[in-house]
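In what follows, every chain begins at residue 1, and chains take the letters A, B, ... in the order their sequences are listed.
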There are 2 protein chains.
Amino acid sequence: MTTVKDVAKLAGVSTATVSRVVNNSGLVNKETQSKVKSAMQQLNYRPNTVARALASKKCTTLGLVVPDVSDPFFGQLASSVEQITRLTNMQLLLSIGGQDERSEQQAIESLIAQNCDTMVVHSKKMSDETLSSYLNELPGLVLINRFIAEFQSRCIWLNNEYGGRLAAEYLIHKGHKQIAIVNSCLEIDDPLLRKKGFENALPSKNFYFEATPTFDGGEEAANKLIEHLDKVTAVFAYNDAMAVGVISKLSEKGIRVPEDISIIGFDDALFARVCQPKLTTLKYPIDQMAKHAALLSLSISGSNTEFSNLPSEYCYQPYLIERNSVSLNE
Amino acid sequence: MTTVKDVAKLAGVSTATVSRVVNNSGLVNKETQSKVKSAMQQLNYRPNTVARALASKKCTTLGLVVPDVSDPFFGQLASSVEQITRLTNMQLLLSIGGQDERSEQQAIESLIAQNCDTMVVHSKKMSDETLSSYLNELPGLVLINRFIAEFQSRCIWLNNEYGGRLAAEYLIHKGHKQIAIVNSCLEIDDPLLRKKGFENALPSKNFYFEATPTFDGGEEAANKLIEHLDKVTAVFAYNDAMAVGVISKLSEKGIRVPEDISIIGFDDALFARVCQPKLTTLKYPIDQMAKHAALLSLSISGSNTEFSNLPSEYCYQPYLIERNSVSLNE
DNA sequence: GTGAAAGCGCTAACAG
DNA sequence: CTGTTAGCGCTTTCAC
């Protein structure tokens, strides 16, 4: 491993000078500069980012915590954040938050130990209290998909309630009145808010089922749904995975979508375009949100000043993507 | 930020002693030890991993290079690697290799700059030569899904040819003789090897189509396939995404799987279970492979000694997952 | 057992 | 413009 010292020696200058040309911190004579540069090339010198961060007390890593990268939703989120880190010459530290509060905390702690002062975290298990204490401790921490009122300038979140309303309005517009909600059973706000938004727009008695927000959960819910099929013309699923699970189980039983029953999903995940029929769904603009969160964190923590013109709206609105899983109900 | 110095002062000992208790490097008096520990607690001291790595010249990060995390296949891979890093108290550095050789190189370079000496890389664009030079420079670098003969003890890869053969044998066993291959058009070995394995087992003239290895590519290939439907009873798709694309386009045209035509995929990706009908496919055991690669890298680079009993077989075999997209052809 | 001191690779005043 | 010096936070000989 070649260091500044080696370069300095070969170029016949001090390490400070080498540092100056590496950092482009002006004020270096053209000639010395080229001497140093050629020495760097000869030795195949690569600055040690770790040492640099330590000495300058500036951090070149951005930490991301998500519950699970194997879930395509978070894969998408991670990918978007990575695009920002690449643009800003930062490195991405990935920490997995997992299923419980403790491992979410550990994920953050390990980022702190790495001296990481800019981070975006997706946490659903940690309480507002512990999360708030981290927010206080780490000025560069930005929350995604979560809203804590005292820190709203550091939260990027989705208007879930509005999403629920959009779904209801669309189904009503299509002539549906008897609807089943297939919701997530996880104890987080999102399903409750979507339900609330939906029911505000369609207060008549709807059927309601809960399961895990996965394909299997969707199948499970469909099994219960089947008993009420005569009273239901459409279903609003918590997410596309569940929607696809419902479709799959239904079609196994010979019930066709959208001919026999309509269905609307949420997320616009990979699934949505790939399934049969293609899914009408509510777009969750996670790409934009993730980029916004990363940029926000970078700008708050002072790691980057170039991108100062960030969106002023921190609350994102889902919007309808019409495909063909919903039919007109006369 | 509290440092060793603060702890040392509060505990009335030297920083060396603090370091000793932090690292459990024995030889510390019980009493001093508890004094130090309570001081650490009082001050909420967290060792700075970056400084530690610098001073000890031991690295606590594992770097991962994949082309794209938003692709569920790589999400899965990343998730498996992360499970190993968590187990071994390492941090995961994620670098995206992207589409071309240059960005793959940059991904590796940025890991080197981070002083990362253990890494697993999935590279398909870099030439054997440049990759070999990195392998020489970085003893802890392990390749996944790629085979370079001179470095075979640092490669974890899939027997693609065998996968092709399995697909052919299964379809033959099911009575199919006229088969279309829907292959990836990417210029990497995998599609060629799968094709070779397939054709060795079924040398009769098959139909052959190429497209990008995605859902859209599958749809595109299906459009061409449709013209030859009278001469084809089954299709072998390069991966599940393509298979699902084929199914989708076909069913749009009123052609049913598996009644009218059978199809077999590759990967056993998320898609495979979710689509209609559920896809018969070849399992790509990427989870195990990724864990093996991470562990191998860790053990080679000397970052971890606990997991010495690694699998001795570096070449993984795909295996058949039978679902219901293939029917008997009499 | 414990402390003093040197140093990991680099940056950042401060002189000159 | 450039070199000297003093650290960043931690580990690690080497004495005591």
Side-chain angles (χ1 to χ4, degrees), chain A residues 1-37 39-40 43-61 89 91 110-117 302-303, chain B residues 1-37 39-40 43-61 89 91 110-117 302-303:
Chain A
M1 177 184 229
T2 86
T3 73
V4 260
K5 273 188 191 167
D6 306 318
V7 178
K9 197 185 296 171
L10 181 61
V13 298
S14 73
T15 61
T17 302
V18 175
S19 173
R20 284 189 192 103
V21 349
V22 169
N23 292 288
N24 275 313
S25 48
L27 310 213
V28 185
N29 185 17
K30 285 276 176 200
E31 288 182 31
T32 4
Q33 192 159 353
S34 61
K35 264 195 305 184
V36 171
K37 282 194 173 165
M40 297 200 304
L43 299 173
N44 189 23
Y45 170 69
R46 293 155 171 142
N48 182 329
T49 317
V50 172
R52 225 189 319 195
L54 185 61
S56 66
K57 295 177 143 301
K58 272 171 211 144
C59 170
T60 56
T61 56
N89 293 310
Q91 252 295 327
S110 73
L111 293 178
I112 297 176
Q114 288 288 335
N115 229 347
C116 185
D117 54 16
S303 301
Chain B
M1 177 186 231
T2 87
T3 74
V4 260
K5 273 189 192 168
D6 305 318
V7 177
K9 196 184 296 171
L10 182 61
V13 298
S14 75
T15 60
T17 301
V18 175
S19 173
R20 286 190 190 98
V21 349
V22 169
N23 293 288
N24 275 314
S25 50
L27 313 213
V28 184
N29 186 17
K30 284 276 176 203
E31 289 181 30
T32 2
Q33 193 160 353
S34 61
K35 263 195 306 183
V36 172
K37 281 193 174 166
M40 293 200 307
L43 298 173
N44 188 24
Y45 171 68
R46 293 153 170 145
N48 182 331
T49 316
V50 172
R52 230 198 304 206
L54 186 61
S56 66
K57 294 178 144 301
K58 273 170 210 144
C59 170
T60 57
T61 55
N89 293 309
Q91 252 296 328
S110 73
L111 293 178
I112 297 176
Q114 289 289 333
N115 230 346
C116 185
D117 54 16
S303 301

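- A close approach under 4.0 Å does not occur between any side-chain nitrogen or oxygen of B:S56 and OP1 or OP2 of D:dT11.
- D:dC8 atom P lies 12 Å from atom CG of B:N48, rounded to whole Å.
- Going from atom CD of B:Q114 over to atom C1' of C:dC10 covers 14 Å, rounded to whole Å.
- Using a 4.0 Å heavy-atom criterion, one finds that A:N23 contacts the sugar-phosphate atoms exclusively.
- For B:L54 and D:dT11, the CG to P distance is 11 Å, given to the nearest whole Å.
- Side-chain contact between A:V22 and A:M40 is present, with heavy atoms from C-beta onward closer than 4.5 Å.
- A:T3 has no side-chain polar atom (N or O) that falls below the 4.0 Å cut-off from OP1 or OP2 of C:dC8.
- The CG-C1' distance, from A:N115 to C:dG9, rounds to 15 Å in whole Å.
- Residue contacts for B:V13: at a heavy-atom cut-off of 4.0 Å it reaches the sugar-phosphate backbone alone, with no base atom in range.
- Residues A:N89 and A:T60 are not in side-chain contact: their nearest non-hydrogen atoms beyond the backbone lie 4.5 Å or more apart.
- Contact between the side-chain N/O atoms of B:K57 and the OP1/OP2 oxygens of D:dT12 is not found at any separation under 4.0 Å.
- Side-chain N/O atoms of A:S19 include none lying less than 4.0 angstrom from OP1 or OP2 on C:dC10.
- Residue contacts for B:K58: at a heavy-atom cut-off of 4.0 Å it reaches the sugar-phosphate backbone alone, with no base atom in range.
- Here the nucleotide nearest the side chain of B:L27, chosen from C:dT2, D:dC1, C:dC10, is C:dT2.
- Ranking D:dC10, D:dC8, C:dT11 by closeness to the A:R52 side chain, first place goes to C:dT11.
- Counting heavy atoms from C-beta on, the side chains of A:M1 and A:D6 never come closer than 4.5 Å.
- Here D:dG3 presents its P atom at 11 Å from CG of A:N29, a figure rounded to the nearest Å.
- OP1 and OP2 of C:dT11 both lie 4.0 Å or more from every side-chain N or O belonging to A:T15.
- Atom NZ of A:K5 and atom P of C:dT11 are 14 Å apart (whole Å).
- Checking the phosphate oxygens (OP1, OP2) of D:dC1, no side-chain nitrogen or oxygen of A:K30 falls inside 4.0 Å.
- Donor-acceptor pairing under 3.5 Å, judged by distance alone, is present between the side chain of A:R20 and the base of D:dG3.
- Of the possible donor and acceptor atoms, none in the side chain of A:T15 sits under 3.5 Å from a partner among the backbone N and O of A:V4.
- Contact annotation: the side chain of B:N44 approaches that of B:R46 to within less than 4.5 Å [non-hydrogen atoms, C-beta and beyond].
- A:V50 comes within contact range of no nucleotide atom at all, as no heavy-atom separation falls under 4.0 Å.
- Residue contacts shown for A:T32 are limited to sugar-phosphate atoms, with no base heavy atom under 4.0 Å away.
- Taking atom CD of B:Q33 as the reference point, atom C1' of C:dG1 lies 12 Å away to the nearest angstrom.
- Rounding to whole angstrom units, CG of residue A:N24 and C1' of C:dC10 are separated by 16 Å.
- The number of heavy atoms from other shown groups lying within 6.0 Å of NZ (B:K35) is above 12.
- Of the residues near DNA chain C, B:V28 and B:A55, the one whose nearest nucleotide (by heavy atom distance) lies more toward the 5' end is B:V28.
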